[in-house]
Every structure is written in structure tokens, then in C-alpha cells.
Amino acid sequence: MTADTTLLILGASGDLTSRLLLPALGQLLAREPDRNVRLAGAGVDEWTDDAWRETVRKAFATTDAESAFDRLSDTTYTQADITDPGQLQTLLDAAEGRPALYFAVPPAVAAKACEALRSVTIPDGTILALEKPFGSDAASAERLNATLADLVPESHVFRVDHFLGRSTVLNLLGVRFANRLIEPAWSADHIASILVQFDEPLGLEGRAGYYDKAGALTDMIQSHLLQVMAFVTMEPPASLDERDLRDATGAALRATAVWGDDPVASSRRARYTAGTVDGREFPSYVDEPGVDPARGTETLAEMTVEVRNARWQGVPITLRSGKGLGHAEAKVEVRFHPVRHLPRGFTGDPGPTVLSFSLGPDSISLGLNVNGEADPLELERATLEAHLGEGSLKAYAEVLSGILDGDAMLSVRGDAAVDCWHIVQPVVDAWRDGRVPMDEYAAGTAGPADWPTS
């Protein structure tokens, strides 16, 4: 039987493949036993087919998907230079059905490989999937878009953002658009501020070669959090298909700018010094192996933006992400305005109504003011919470499902990738010019002591 699609992973011997892609593929195949796909790997390491198959088998076992491995037991590995047109042609010629090329390699290598594809005969229907960051600025993103447009149609380009495969991000759409209580209140008339946050206790974990050139602003805010923000703030699409959904998120990004057009006042940056996180001793970031202190790379970034349209004008939206922090804090938090009038006689401090979407473990909570038990006129805080679990599929499994099905709904469109660079560029320039100080925080803390808590 010929496979419907050949998933060709370029960079198959790397960490991304074994840690994320293969476990997700195993989970997807175990859940969908009728899916007909062939797996092939290519990389620079001198692996045998048997070594590759053992890597696949072990990865599948991490998601209890060993049974799915039998369907891919003939998977092969090819040592190849993916920036060489001739070797790319050989890989494509060996594919069954529709080729789906997943570039599990650094962005610069992926860009060179795409240039090499200009000299290759590409089969109809070929899909190209690229990891973030997409380019290093707006100009390089536009150049890469132009290269990709010469190779395959835009609908066959998957700019991967696995955050959009998180079940909570998808649940956010259901809460927004399927609840009469929420949908009419989703605007500046009722919402005072929005926070999109991804703080993690992890450090570099061997990724200094990439991270020290990117930093928290590029690695997370430009690449991921702006896309999540677009889901939060977009106008209701006519449908959830690829065109309508990406039109809506693209319009939100085009309307987004730095708060007050002041990147100095509307951004902060910091990096961790030596400390302890969950019992692990962290050196100062500048002393981490592979780090060049002269780059001035931040490990904690925060910026405030505004979506300048009729729905959101005047609402500050804070995007924050950092590493080496005291605990994980991944959420979208929506704070509502206080009530216009509180009748005299109530006591206590009525805090704002807060709707929060946790990004792992997945949950939704709603903080409300209610009457106290002892004194019915004293306001107390109550939280209504729904635990949603981990979702039936890992985020990368959702991504791979879209790639194998040719459904680009959860991928980033080319214009949106460029717009995200335009949004952060004023902050990048301000930081490069030294107009925003580099603060410090001890690893294992919540961030710099003089930063207001988010």
C-alpha cells in the first residue's frame, strides 16, 4: 500500500525530533490507526536505519504509542546535507504520496535549504513546515516568504507555532464565541487589561547556541505570545477554517502597536543571576556554557501593546516571558472593569472580575465578588474553576495532524509572521541602543524585585 503522505523530517537526529516530533507522531498514529503515512528521516549524523528505528521506537514509547511503531517499522534514515539540491532531490524522489518536509533544524539552515529547493523538482502538493523564529527581522522574513512563494502555494507552507496547538488556546475560542455571558463583554467597554504570560523555571537546557542569539523577546513574545494575543483579540470569524481564522488573527496583528508608541516606557528586560530553581543550582546567565556576555541577551522580557481598533482601543495588553523563574506561570488573564456603581452598605474590597486561562495544566478560572458567609454585606472573593486536563493530543500532535491533512488553520500565515516583527521592532531598537536598562533577578525568584507583579 502506498502512503498518502511521506513525513520527511530534516534534522532527524536532533533534539527537537526525538523530544517533541516523534512522541507527538506516535500519539497521533495511536489515536488514528487508519492514517496512512510513511516516515523518513534525514540528518548530518552517521546513523544507520536500525539506530533511527530505535530512536523512533523509544520516542513512541514515551506516549504509550508502541503499537503504532509497527506501522512505521520500515522507516529509513539518510545521511544528507539538506542544503544541497541534489541530495534534496534524492530525498523527494524516494517519497511516497505527498511529501511533507519538516525542517527540524535551526532557522538559518532551514532558510538555506529552502533556497536549495529552487533548483529541485518539487512534486505537486508538497508541504513545507518550518519552525520559528521565521526570519530574524521583517526584511528577512519577507525574503523567506518570497522564496517559499516560488516553491509552493502559501496554503502549503506551515510556519509552525505549537502554542496554537495547545488545547487551552483552542478552548479560548469556545469560551469567547459560544457563551452569551462572555461574547458581548469581550471588548474595551468591559475589559480593562489583558496579560499573556509564559514564565518557566527551565534554564537554557543546552540551547545556548540558539537562545543567546534570540533572547526571550524573539524566542517567545515575537514567535508565540503575539499569536496567542491575536486569538484573544481577533474579531469573530465567519468560520474556523484556515482562511477565515487566519484573516481574523492577521487583522488583529496589523492593528497592534507598542503602547503609547513608547518602547522605552512600555518594555522591560532582565536576565538571571546565580540562584536555585527547584533544587537545581543555576549559574548566572552570563556564565552559562555557550553564552557570550557581550550580546546582552535577556532571559526575561515584557512589553505592552495595544490593538488599535474599535473593539480594543485603550486596553493595555502585556506580553511577558522568562526563564529561570521561581515557578511556572503560563496563562492568559483578562481583567474586567469594576462595576459602575456599588450600592452603599457593602464592605470589603471588591477586586476586579478576572477570567484566566491556564496554559498547563489546562484550566479556566473566573474570580468573582460574592457575599461573605459570616457577614452577608461583606464582599469576599470566590473562584469558579474548571480543570480541562492535558487535552487529548499533545500540541505538536495537533500541529502534525494539520500538516499531514494539509490543513493550515493552526499555522502562521506569511504576512502575520512579518507583522509580528514589525510590532516588536521598536522595542528591539530601543534595547539595542541601550535605552532600556538590563535588570537582574536571582534564578528561582519571580523576577526583579522592583518590577510590579503581573
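Owing to the predicted nature of the structure, the values given are computational and were not obtained by experimental measurement.
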Next on the checklist: With a 4.0 Å cut-off on N to O distance, would you call R118 and E115 a salt bridge?
Outcome noted: yes

Checklist entry - Is the NZ or CZ atom of K323 both under 6.0 Å from the centre of the six-membered ring of Y211 and within 45° of that ring's axis? => result yes

Checklist entry - Is there a side-chain contact (heavy atoms from CB on, under 4.5 Å) between Y102 and L130 once you walk through the steps? => result CA-CA 6 Å; Y102 198 111; L130 294 87; over 6 Å; no

Item to check | side-chain hydrogen bond (donor to acceptor under 3.5 Å, both in side chains) between W312 and S187, intermediate numbers included | outcome: CA-CA 6 Å; W312 295 111; S187 71; over 6 Å; no

Item to check | Side-chain heavy-atom pair W186, T233 within 4.5 angstrom cut-off | outcome: no

Checklist entry - What distance separates H156 NE2 from I122 CD1, expressed to the nearest 0.5 Å? => result 12.0 Å

Checklist entry - Considering residues at least two apart in sequence or located in another chain, which fulfil the side-chain contact (heavy atoms from CB on, under 4.5 Å) criterion with E281? => result T276

Checklist entry - Sequence neighbours excluded, which residues qualify as side-chain contact (heavy atoms from CB on, under 4.5 Å) partners of S193? => result P316, R335

Next on the checklist: Looking at W421 and F134, would you say the former's side chain and the latter's main chain have a donor-acceptor pair under 3.5 Å?
Outcome noted: yes

Checklist entry - Are the charged groups of E235 and R311 less than 4.0 angstrom apart, N to O? => result yes

Checklist entry - Is NZ or CZ of R268 both nearer than 6.0 Å to the six-membered ring centre of W451 and within 45° of the ring axis? => result yes

Checklist entry - In this structure, are over 12 heavy atoms from other groups packed under 6.0 Å from R243 atom CZ? => result no

Checklist entry - To the nearest 0.5 Å, what is the distance between OG (S321) and CD (E200)? => result 6.0 Å

Checklist entry - Considering residues at least two apart in sequence or located in another chain, which fulfil the side chain to side chain donor-acceptor pair (under 3.5 Å) criterion with T304? => result T318

Item to check | E298/R269 salt bridge by N-O under 4.0 Å criterion | outcome: no

Item to check | T147 side chain vs R143 backbone, donor-acceptor pair below 3.5 Å | outcome: yes

Checklist entry - CG/N171 to CD1/I364 distance, rounded to the nearest 0.5 angstrom? => result 5.5 Å

Next on the checklist: The test is side-chain contact (heavy atoms from CB on, under 4.5 Å); show your working for D362 and F357 and say whether it passes.
Outcome noted: CA-CA 7 Å; D362 294 352; F357 301 83; over 6 Å; no

Checklist entry - Is S266 reaching over with its side chain to a backbone N or O of D262, donor-acceptor style, under 3.5 angstrom? => result yes

Checklist entry - Between W259 and V305, is any pair of side-chain heavy atoms under 4.5 Å apart? => result no

Next on the checklist: I'd like to know if the side chain of E205 and the backbone of G203 have a donor-acceptor N/O pair within less than 3.5 Å.
Outcome noted: yes

Checklist entry - Any salt bridge between D433 and R435, counting N to O under 4.0 Å? => result yes

Checklist entry - R31 and L28: side-chain contact (heavy atoms from CB on, under 4.5 Å), yes or no, with the steps? => result CA-CA 5 Å; R31 179 180 173 181; L28 178 63; 5.7 Å; no

Checklist entry - Are R271 and Y285 in a cation-pi setup, meaning NZ or CZ lies under 6.0 angstrom from the ring centre and within 45 degrees of the ring axis? => result no

Next on the checklist: Treating K112 as the side-chain partner and A108 as the backbone partner, does any N or O pair qualify as donor plus acceptor under 3.5 Å?
Outcome noted: no

Checklist entry - Listed by chain and number, what are the side-chain contact (heavy atoms from CB on, under 4.5 Å) partners of E329, not counting sequence neighbours? => result Q197, D199, H327, K331

Checklist entry - Between H162 and Y396, is the ring centre distance below 6.0 Å? => result yes

Next on the checklist: Just so I know, are the side chains of H422 and L253 near enough to count as touching, which here means a heavy-atom distance under 4.5 Å?
Outcome noted: no

Checklist entry - Counting only N and O atoms by type, is there a donor-acceptor contact under 3.5 Å from the side chain of R413 to the main-chain atoms of F158? => result no

Item to check | Distance-minimising heavy-atom pair for R35 and L29 | outcome: CD-CD2, 3.9 Å

Checklist entry - How close do Q27 and A397 get, heavy atom to heavy atom, and via which atoms? => result OE1-CB, 3.7 Å

Checklist outcome for this item: Those residues at least two apart in sequence (or on a different chain) that pass side-chain contact (heavy atoms from CB on, under 4.5 Å) with A113 are I82, F103

Checklist entry - Looking at A104 and I9, what are the two nearest heavy atoms and their distance? => result CB-CG2, 4.1 Å

Checklist outcome for this item: dist D439:CG -> D450:CG (nearest 0.5 Å) comes out at 5.5 Å

Checklist entry - Do Q425 and D429 pass the side-chain hydrogen bond (donor to acceptor under 3.5 Å, both in side chains) test, and can you show the C-alpha distance, the side-chain angles, and the key distance before you say yes or no? => result CA-CA 6 Å; Q425 194 61 50; D429 293 341; 2.9 Å; yes

Checklist outcome for this item: All heavy atoms of D278 vs all of G326, minimum pair found to be OD1-O, 4.3 Å

Checklist entry - Which value, rounded to the nearest 0.5 Å, describes the distance between L355 atom CG and L366 atom CG? => result 6.0 Å

Checklist entry - Are any non-hydrogen side-chain atoms of Y272 and S284 less than 4.5 angstrom apart? => result no

Next on the checklist: Is any side-chain heavy atom of V277 closer than 4.5 Å to one of P201?
Outcome noted: yes

Next on the checklist: Between D407 (side chain only) and G402 (backbone N and O only), is there a donor and an acceptor less than 3.5 Å apart?
Outcome noted: no

Checklist outcome for this item: Closest heavy-atom pair, E288 versus L204, reported as atoms and distance to 0.1 Å, is CB-CD1, 3.7 Å

Next on the checklist: Looking at K132 and D219, would you say the former's side chain and the latter's main chain have a donor-acceptor pair under 3.5 Å?
Outcome noted: yes

Item to check | Verdict with reasoning, V258 to V427, per side-chain contact (heavy atoms from CB on, under 4.5 Å) | outcome: CA-CA 8 Å; V258 173; V427 173; 4.1 Å; yes

Next on the checklist: I'd like to check L128 versus L117 (side-chain heavy atoms, cut-off strictly below 4.5 Å). Are they in contact?
Outcome noted: yes

Item to check | Over all atoms of both residues, closest heavy-atom pair of G414 and N145 | outcome: O-ND2, 3.1 Å

Next on the checklist: Looking at N179 and I182, would you say the former's side chain and the latter's main chain have a donor-acceptor pair under 3.5 Å?
Outcome noted: no

Checklist entry - Under 4.5 Å between any side-chain heavy atoms of L300 and R320, yes or no? => result yes

Using residues 221-232 as the side-chain source, report each donor-acceptor pair under 3.5 Å to any protein atom, sequence neighbours left out, with the distance given to one decimal.
| unit_1 | atom_1 | unit_2 | atom_2 | d |
| --- | --- | --- | --- | --- |
| S223 | OG | T218 | O | 2.8 |
| H224 | ND1 | D161 | OD1 | 2.5 |

Next on the checklist: Exactly one of L400, T17, T62 should register a side chain to side chain contact (heavy atoms under 4.5 Å, CB included) with L22. Which one does?
Outcome noted: T17

Next on the checklist: So N369 and R381, do their side chains get closer than 4.5 Å, heavy atoms only?
Outcome noted: yes

Next on the checklist: Would the distance check show the side chain of N371 and the main-chain N or O of L379 forming a donor-acceptor pair, the cut-off being under 3.5 Å?
Outcome noted: no

Item to check | Pairing of D212 and R207 as salt bridge, 4.0 angstrom limit | outcome: no

Next on the checklist: If I take atom CG from residue D415 and atom CD from residue E142, how far apart are they, to the nearest 0.5 angstrom?
Outcome noted: 10.5 Å

